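Scroll down for the structure; my scribbles are underneath it.
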Amino acid sequence: MMTLLGISPQLLFGQVLIGLINGVFYAMMSLGVAIIFGMLRIGNFVHGAQYMLGAFGAWYLMHLPDLFPGLGLPSLGYWWALILVPLAVGAIGAIMERLFIRRVYDLEHAYGLLLTVGLAMVIEGLFNVGYGAAGQQYDIPGSLRGGVNLGFMFLPNYRLWVIVAGISVCIATWYTIERTRLGAYLRAATENPDLVRAFGINVPRMLMLTYAFGVGLAGLAGVMAAPIYQVSPQMGQSIIITIFAVVVIGGMGSISGAIFTGLMLGMIEGLTKVFWPQASTTVIFVIMAIVLVFRPAGLFGKETVAAHAADMSTARPDGILENGRLWLVILGIGGAVLPFLVYPVFGMKILCLALFACAYNLIFGYVGLLAFGHAAFYGSSAYVAAYTAASWGFPTELAILSGVAMATLIGALFGWLAIRRQGLYFAMITLALAQLVYFYAIQAPWTHGEDGIQSVPRGYLFGFIDLSQPLNMYYFVLTVFLIGFAAIYRIVRSPFGQVLKSIRENEPRAVSLGYSTDRFKLIAFTLSAMLAGLAGGTKAIVFQIASLADLYFMTSADALLMTLIGGVGTLLGPVVGAVIVVTMQKEFATLGSWVIVVQGSAFVLCVLFLRKGVVGTLEDWLAARAERRRIASGGAPAPVAKGVHS
Amino acid sequence: MSGLSVRDLQGWYGESQALHGMNFEVARGEVVTLLGRNGAGKTTTLRAIMGLLRKRSGEVRFGGENLIGRMPEYIARRGIAYCPEERGIFASLTVEENLFLPPVVAEGGMALDDIYTLFPNIAERRNSQGTKLSGGEQQMLAIARILRTGATLLLLDEPTEGLAPVIVQQIGTVIRKLKERGFTVLLVEQNVRFASRLADRHYVVEHGTVIDTLTAADVAGDFERIQNYLKV
Amino acid sequence: MTTPAGDNIIEARGLTKRFHGFSAVSGVDLDVRRHSIHALIGPNGAGKTTFFNLITKVLQPSEGTIRFNGEDITDESPARVARRGIVRSFQISAIFPRMTVAENVRIALQRPTGVSFRFWQSERTLSLLESRVDELLDAVGLLPLRDQTAAGLPYGRKRALELATTLALEPELLLLDEPTSGLGGEDVERISALIRQVAANRTILMVEHNLSVVARLADKITVLARGKVLAEGPYSDVSTDPRVIEAYIGGDE
Ligand SMILES: Nc1ncnc2c1ncn2[C@@H]1O[C@H](COP(=O)(O)OP(=O)(O)OP(=O)(O)O)[C@@H](O)[C@H]1O
Ligand SMILES: Nc1ncnc2c1ncn2[C@@H]1O[C@H](COP(=O)(O)OP(=O)(O)OP(=O)(O)O)[C@@H](O)[C@H]1O
Ligand SMILES: [Mg+2]
Ligand SMILES: [Mg+2]
């Protein structure tokens, strides 16, 4: 037998086949995500959890007699599952749409993203409580056992079936949406649902069914996956970010793009496993970065109508809560007494995360870009600071600055790649890029994989202040925080900040006034990354560890959550958000495996009930009170501002 | 089928009231205009009739049925079609898809060929993306789109805005033809000259109520009066 | 600068824009004289807005050249062209809705000062622009409303604000796309008066469907139809040209 670069054809074709199977799942999943994104403008982060539900559904049907002994239920096999489970998962999807998703259609993408992240955490958390990390076995149905010998390799029947069935489903879906009137209705309904309703179409029902259908596809993929992969609570989590990357590469909103890209990338991943195994987890993200440079809209994406920037700042610029000088002093004093009220470590955790959230707020709240990969800056800075301090013996301040430099560099690079995109697209790109850094950290030798870099020395500040003294360390962190806080206030209230604001409000107009808006956004993004790095580097020194959790996407989600809970675009919101989130995490730490469920519920509740955040709500209330007083003292009511559309 | 009758229609945007009791009638086969300054509440009235303004009260009778509290999709299927001020052309659809979007709700709509004869630009650009049309072409498409559906009552919000004079005249002709065919038209206009040549009756709207009613004859005799209403 | 600027501020030669084979603008030669009000009229879809987009470089021409003050600007970026002094208004009013009226104007004044990248300075360094802000707002009659948020303005006032913002850039060439559309009678008067007022010392190229406005304001009119120049000249000539009547004005019933 001939060999290619020392690799036998069996191995090569075997991997390509495995890749193709993966590709079929990528295609089915990204198809669902693309439909839900394209039609409902929702970045369906729960898609992975819904896929997992499909696999568990099949497993449940198989084990009905064991699960409900005494009811005399039959064990329903694969073919039953193939029909019943997608329907059931679709129905669950419909209920989720009804209860949750529907409420965020009219809102900014950030809410949809946080909501679906929260729902995913709840669902996966619940299964984790029930089944732990262990996978369940699901047997290949009898009729599909065996296989065909192709001469150069053995092709199992079940895999052949998955390929044929998966691709057929994809094509049928594509046909229904692109070639029938239904697709036009759906696309129109996402743009202007009210008008479509005024033409006599029941839009709410249509959207519900669309969501249910996309989710049903995930359920179907789950059933088909059950005999191949382990049925486990984590199976969806590990795939969802890859799916987002596939959708970005294929081109947002392109149905055929999602299918084709899914299949291709599966195979490319398979091939990479043969030739360069270490790169196989990152290859998709690297391809995404390359595609973005040359085709910002994705391979098959149409140049979409420029989505407007997220406009969800809840600040009232003249309110007392936005007076930076005042609050710098108050926070300074409050921070100074804090270590006498709580453990300094707890205080330092709040300060690090508050700085992180403030940095995030700079790009999200003040520029309106929904970044979802700030973990990359926070985490990479933490790793570099930890490594330079632990292995090279850098003095503390230099170690942190090295971390900041790394975060700034990565920020500038990621910003350059992503800045031309907006909205959810921007979120997915930054998320996927951050994931690249995460996978790098898993594999690189100097980061020590799962262990992370531990026992980082705190060292001496400027060579003589002993930071292993808790209070010394605390006041150092407080100083860093105050510097970061002041810097952000300065940036926002600078001539540069004014331009950022105008870009957020109306970008085409800012361009027509002569501003190169991309450059402004890029600078703001880089500054935000830099400050996030400052938080991450400091954190590594405080806790004497840099670990994968710092780079994990949940850290990015936490930044978003803290900012939202506190109040987007407000001066104090991120700080308040950090206090709330850190306190919550501390209180719930005792819940064990329930903690994910509780945290996910917090995400969901925040989106449903606390949209303006604590500070935003407070500012509204203060403004309303001031207005009442003014009227009471004889002033005329201020004119009600007309709602701003589009 | 009878016409449209609006009684004490009130409407709100959030807490602020935009309609303070509108009263007017449009008999079947009539063309009636709502005139008034920017911000008087004309658009809001149309949106309230269509059910797009959720918070509303009073009575909107069409074909004997009160439509207050109904959803827009229901109202549309009773035979009312709406052409919004901002045109509402869908960017993600081609011109032809835009044209075919509103489902046919009754017989008697205009045939496609007639529509294309009326608006040759649209025929020519039928495969472009909807919002790639010029401003005026979008306006034409927005009108053309609802002529197909067979709705008997057309709500047109400033249909001549941004159109070349020659097209404005054509639209006038179209509305006259529609009237001959028995369509009922409720028209919102700023172009008084245009409106005065078409309408059977004009209602002058101010601060969300009807402050005056003028017949076609009134206007012909006293163009000044109407102009005065529209001055600040 | 090899050629002297001459009397034309804009010289477009053979300007063409094709969209997937469809020519929205084809082979247009157009000169705009310095310090004149030049109107561009024509049927819907004639290519007027596209022509604006070509001049401001929002679109890249498929063929042809554009000279501004004698310099070739055909390959420049939109922001660069804006900085040269070509500024446009939009067919739909373009303002920064949640900034105050004064801030709207100030953001435009700030651009030529070159401080816009200074994220380390306080915005109070911008306060020296305030008197100019007030001057401009006064010119368009918005001074009493300077601290309101722009979103709350009535439609006509929004257009006035947009104009003030545009003027803040001291444009040599001002492009106005349907400045009176969507306005009631009174507002039309106000905006026309404003246009005449700001036309001193600069050049205005405008698209407008309201013929009485065009008749009153424009020194010269170019009629576009199907992407080509159909007629050119003063209003009295153009408005009696039978081809223009057929394609654009229509018989007056
Ligand atoms: N979405 C909205 N939210 C709050 N108030 C609104 C909204 N839309 C309109 N209004 C207010 O309702 C009132 C009536 O507005 P409407 O749009 O009906 O006026 P109009 O007569 O159609 O004016 P125009 O000639 O400018 O179209 C105005 O005072 C306006 O400010
Ligand atoms: N981006 C685009 N892609 C495809 N076709 C386009 C695009 N932009 C404009 N067109 C087409 O080019 C032609 C000219 O459009 P343009 O907007 O310049 O017209 P206009 O003269 O401004 O008309 P109006 O008076 O109606 O605003 C139209 O037929 C339009 O459909
Ligand atoms: Mg209106
Ligand atoms: Mg135009």
Side-chain angles (χ1 to χ4, degrees), chain A residues 306 308-309 311-318 324-325 362 366-368 486-520 522-524 526-528 530-531 569 638-646, chain C residues 52 56-58 77-90 92-100 103-126 129 145 147-155 158 162 165-166 168-169 171 175:
Chain A
H308 64 111
D311 184 12
M312 41 191 296
S313 168
T314 54
R316 295 173 176 263
D318 304 321
R325 283 156 206 279
L362 176 62
Y366 294 106
V367 189
I488 289 169
Y489 183 69
R490 169 52 13 104
I491 293 168
V492 170
R493 302 265 175 145
S494 69
F496 177 76
Q498 280 289 310
V499 180
L500 291 184
K501 192 164 161 189
S502 74
I503 292 173
R504 184 182 76 198
E505 293 277 295
N506 187 344
E507 186 169 348
R509 181 57 174 162
V511 172
S512 82
L513 292 180
Y515 290 110
S516 313
T517 53
D518 281 351
R519 216 180 307 164
F520 283 86
L522 181 56
I523 292 176
T526 311
L527 287 171
S528 169
M530 185 173 111
L531 289 161
V640 184
K642 192 164 172 167
V644 194
H645 298 288
S646 84
Chain C
F52 268 29
T56 51
K57 306 304 316 224
V58 172
S77 74
R80 178 84 188 87
V81 170
R83 288 195 287 270
R84 276 184 182 273
I86 304 181
V87 185
R88 71 178 296 186
S89 73
F90 286 79
I92 312 152
S93 77
I95 52 164
F96 302 112
R98 294 204 308 186
M99 295 166 78
T100 66
E103 280 175 332
N104 262 272
V105 176
R106 201 178 64 190
I107 195 75
L109 283 173
Q110 176 189 330
R111 212 260 300 136
T113 62
V115 300
S116 296
F117 283 109
R118 303 204 179 153
F119 55 79
W120 56 89
Q121 271 185 356
S122 164
E123 65 185 348
R124 267 177 295 179
T125 53
L126 295 173
L129 299 175
L145 304 174
D147 294 320
Q148 274 205 17
T149 38
L153 294 179
Y155 189 69
K158 282 186 185 149
E162 191 192 335
T165 312
T166 310
L169 297 176
L175 304 172

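Only a predicted model underlies this, so the values are computations on that prediction, with no experimental measurement involved. By convention in this document, chain letters (A, B, ...) are assigned in the order of the sequence lines, proteins followed by strands, and residues within each chain are numbered from 1.
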Are the side chains of [X] and [Y] in touch, meaning some heavy atoms are under 4.5 Å apart?
| X | Y | result |
| --- | --- | --- |
| A:R509 | C:F96 | yes |
| A:I503 | A:Y515 | no |
| A:D518 | A:E507 | yes |
| C:I95 | A:N506 | no |

Set of residues satisfying side-chain contact (heavy atoms from CB on, under 4.5 Å) with respect to C:A82, sequence neighbours excluded: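 Partners of C:A82 under the side-chain contact (heavy atoms from CB on, under 4.5 Å) test: none.
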Partner set under side-chain contact (heavy atoms from CB on, under 4.5 Å) for C:R84, not counting sequence neighbours: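 C:R84 satisfies side-chain contact (heavy atoms from CB on, under 4.5 Å) with C:F68, C:E71, C:I73, C:E76, C:R80 once adjacent residues are dropped.
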Heavy-atom contact with chain C under 4.5 Å, split by part of A:L500: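 It is neither, since no heavy atom gets under 4.5 Å.
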What part of A:I491 gets within 4.5 angstrom of chain C, counting heavy atoms only: side chain, backbone, both, or neither?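 Both backbone and side chain.
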Max heavy-atom pair count under 4.5 Å with chain C, selected residue of A:V499, A:V492, A:V511: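 Winner by heavy-atom pair count: A:V499.
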Looking at chain C, which one of A:A487, A:G497, A:A524, A:S502 has the largest number of heavy-atom pairs inside 4.5 Å, strictly under?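 Heavy-atom pair counts peak at A:S502.
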Once the angle between the rings of A:F520 and C:F117 is folded into 0 to 90°, is it parallel (under 30°), tilted (30 to 60°) or perpendicular (over 60°)?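 Because their plane-to-plane angle is under 30°, the rings of A:F520 and C:F117 count as parallel.
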Answer with side chain, backbone, both or neither: which region of [X] has an atom nearer than 4.5 Å to a non-hydrogen atom of chain A?
| X | answer |
| --- | --- |
| C:T166 | both |
| C:S122 | both |
| C:I107 | both |
| C:T165 | both |

So which residue, C:E103, C:R106, C:R111, C:R83, ends up with the most heavy-atom pairs under 4.5 Å with chain A?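 If we count pairs closer than 4.5 Å to chain A, C:R111 comes out on top.
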